[in-house]
Amino acid sequence: MNAPSISDRGPRRFGWPQRVFSQVLLMQLAIITGVTVLVTGLFLAPLSAQLDDEAMRRALAIAQSTAAQPGIAEDLRTTEASASGPVQSAAERIRRATGAEYVVVMDHRGVRWSHPETDRIGEVVSTDPGDALRGREVMEIDSGTLGRSARGKVPLRGPGGEVVGAVSVGIEYDSVRARLLGAIPGLLAYAGGALAVGALAAYLISRRLQRQTHDLAFSDISALLTEREAMLHSIREGVVALDGTGRIRLLNDEAQRLLGLGPEAAGRPLAEVLDGGRTADVLAGRVVGDDLLAVQGGRVLLANRMETDDGGAVVTLRDRTELEHLGRELDSTTGLIDALRAQDHEHANRLHTLLGLLELEMHEDAMEFVTEVVGVHRATAEQVTEKVQDPLLAALLVGKATVAAERGVSLRLAPGTLLPDRVVDPRGLVTVVGNLVDNATDAAAGSGDARIEVGLRAEGRTVVLRVRDSGPGIAPEQYASIFTEGWSTKDLPAHGKRGLGLALVRRLAERQGGSVTVAGADGGGAVFTVVLPEALAGPETADPATAPHPATTGDSR
């Protein structure tokens, strides 16, 4: 299906795009940008805290190293606080060596003995040194006379371990902030690179989506799905869609009807909902070809299978049951017309013979000739109706005997044939008998001593049908395949299809819980045996009005 063109979608409007490609691309870009900003912020927040902690630990380490100098505590006790004193000299030397902002040494009163600004020596420190003077080490970020700094304070102990003062070291906080700001460009560069890669990936994915959706808008896709559902469920052709694993993805209403399935079959494996057979093989692709015939539940189906790009398939099913019945009726009508045409010639010959006998005034011979001709046909009809008491079956066999006789084939009932008028499904049994007799007639025609023997007997409520012919027979290796749809040894008829008669016989037998088998006959030919359990009604359920009266089995004229 072609995607609608841009010109078909009305005037261009600014705002949120309508196409799936554009919407997905914008949403992906928004997500990628948001994630990148969030990750960058989450990275910068702990980085700032990490740099602060690192600066405070560095200041504390410098303070600890300064307090560990052996002469500072002694000089603090023995000298005066001055810009030229030994404590100031030592502190400045350490400050310059470490790059600290200040190194302040104070006595136990908090009075400075060292400071980068010498005029502040001798003054009390601006921040509370209490914790350090009480023997505890301190790390903090605070503001003092030199501004905001990361600080480390440690106690200064004398030779006996007593606290004689404290050492306070500060790292300029602007340098810490400068390190943080210096890391931001590199971090933003990485974030920008990740954003660019993500945007490229989003574009490629969206382009692929654009090709797969044929550049449609979401509203177009929704409309197409709605139209597809309406179309699939309204057409009078079955549609079955399968995925690559053989699972049913879609089953429209007509397919459910033709296959005898319900809506719950969708989503289940094909092998689970169809119990094998040719129909399952056709749907699964194990049988390939165009216009494949299958029989499902007594219906003749015409199936075509088309593979899809994702490894699945779409199968269309058409109901050919009525057409097939019409085709078979056409075949039967054609055969009957041929038989009537031949019978017309035979009847004309008999009339000419009778006319000649009358013109020769051979009246007794003419009477014997007429009696013999009528008696043969009457005897055949009486024999059939006496042993086959169902009127539909009896009429079928009488008609088939006439047609077979015109083709040079003798049709007779087997010894022991007796079928009461208690058939539950006469039309189904007529279909079975008619198909088997037609096949037997075709097989026996043209053979020496061409004959067909039909046996019908009741065993309780079970009907056993046996049809034997004198034809060439069937090879044993073909016994299993002759009941498959499409199998036939005959030329194509006018309606173009063969190989359904025996398949229908098998389906009708199986539908009644019975079976059909084939075997070779003694002296050549084939024997088909059909067993139909529960084919007869019980004696108590038979309708007396339909039972043949003894007086009607003979000639009532």
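In this structure, CD in E254 is found 8.5 Å from CD in E237, a value given to the nearest 0.5 Å. Between M306 atom CE and N304 atom CG the span is 8.0 Å, to the nearest 0.5 Å. Rounded to the nearest 0.5 angstrom, T441 OG1 and D469 CG are separated by 8.5 Å.
Remark: T417 pairs with K387, V388, L413, A414, L456 by the side chain to side chain contact (heavy atoms under 4.5 Å, CB included) rule, at least two apart or across chains. T462 meets the side-chain hydrogen bond (donor to acceptor under 3.5 Å, both in side chains) test with no other residue; sequence neighbours excluded. Checked against salt bridge (charged side-chain N to carboxylate O under 4.0 Å, His left out), D309 has no partners two or more places apart in sequence or in another chain. Every residue two or more places apart in sequence or in another chain that forms a side chain to side chain contact (heavy atoms under 4.5 Å, CB included) with A445 is listed here: R407, V409. Scanning for salt bridge (charged side-chain N to carboxylate O under 4.0 Å, His left out) contacts around E459 gives R457, with sequence neighbours left out. Under the side-chain hydrogen bond (donor to acceptor under 3.5 Å, both in side chains) criterion, R412 pairs with no residue at all, not counting sequence neighbours. Take R247 and apply the salt bridge (charged side-chain N to carboxylate O under 4.0 Å, His left out) test, not counting sequence neighbours, and it matches no residue. Residues forming a side chain to side chain contact (heavy atoms under 4.5 Å, CB included) with L358 (at least two apart in sequence, or on another chain): L354, H363, A366. Residues satisfying the salt bridge (charged side-chain N to carboxylate O under 4.0 Å, His left out) test with D425, not counting sequence neighbours, are none. Remark: D390 pairs with no residue by the side-chain hydrogen bond (donor to acceptor under 3.5 Å, both in side chains) rule, at least two apart or across chains. With sequence neighbours left out, A405 forms a side chain to side chain contact (heavy atoms under 4.5 Å, CB included) with no residue at all.
The two residues G460 and L536 make their nearest non-hydrogen contact at O-CD1, 3.8 Å. Heavy-atom minimum distance, P472 versus A443: CD-O, 3.5 Å. The two residues L250 and N252 make their nearest non-hydrogen contact at CD2-N, 4.1 Å. Between R305 and L283 the shortest heavy-atom distance is NE-O, 2.8 Å. Minimum heavy-atom separation, L270 to A280: CD2-O, 4.0 Å. When all heavy atoms are compared, the tightest approach of A440 to I452 is C-CD1, 3.8 Å.
Side-chain contact check for L259 versus V273: every heavy-atom pair is 4.5 Å or farther apart. Contact of the T245 side chain with the P269 side chain is not registered, since no non-hydrogen atoms from C-beta on lie closer than 4.5 Å. Residues L502 and R506 are not in side-chain contact: their nearest non-hydrogen atoms beyond the backbone lie 4.5 Å or more apart. By the 4.5 Å heavy-atom criterion applied to side chains, V315 and V239 are not counted as neighbours. Counting heavy atoms from C-beta outward, V240 and V314 have side chains that stay 4.5 Å or more apart.
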(request) Take R268 and I248 through the side-chain contact (heavy atoms from CB on, under 4.5 Å) test and state the conclusion after the steps. (result) CA-CA 6 Å; R268 296 170 59 188; I248 298 176; 5.9 Å; no
(request) Could you please spell out the steps behind the side-chain contact (heavy atoms from CB on, under 4.5 Å) verdict for V433 and K400? (result) CA-CA 10 Å; V433 174; K400 294 294 183 182; over 6 Å; no
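Side-chain atoms of R422 do not come within 3.5 Å of backbone N or O of P420 as any donor-acceptor pair. The backbone N or O of L251 sits less than 3.5 Å from a side-chain atom of Q256, completing a donor-acceptor pair.
No option in V454, D522, L436 other than D522 meets the side chain to side chain contact (heavy atoms under 4.5 Å, CB included) test with R468. A side chain to side chain contact (heavy atoms under 4.5 Å, CB included) with L429 holds for exactly one of V424, L419, L392; it is L419.
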If you look only at distance, which donor and acceptor atoms sit under 3.5 Å apart when one is on a side chain in residues 523-533 and the other is two or more places apart or in another chain?
from	atom 1	to	atom 2	distance (Å)
T529	OG1	R466	NE	3.4

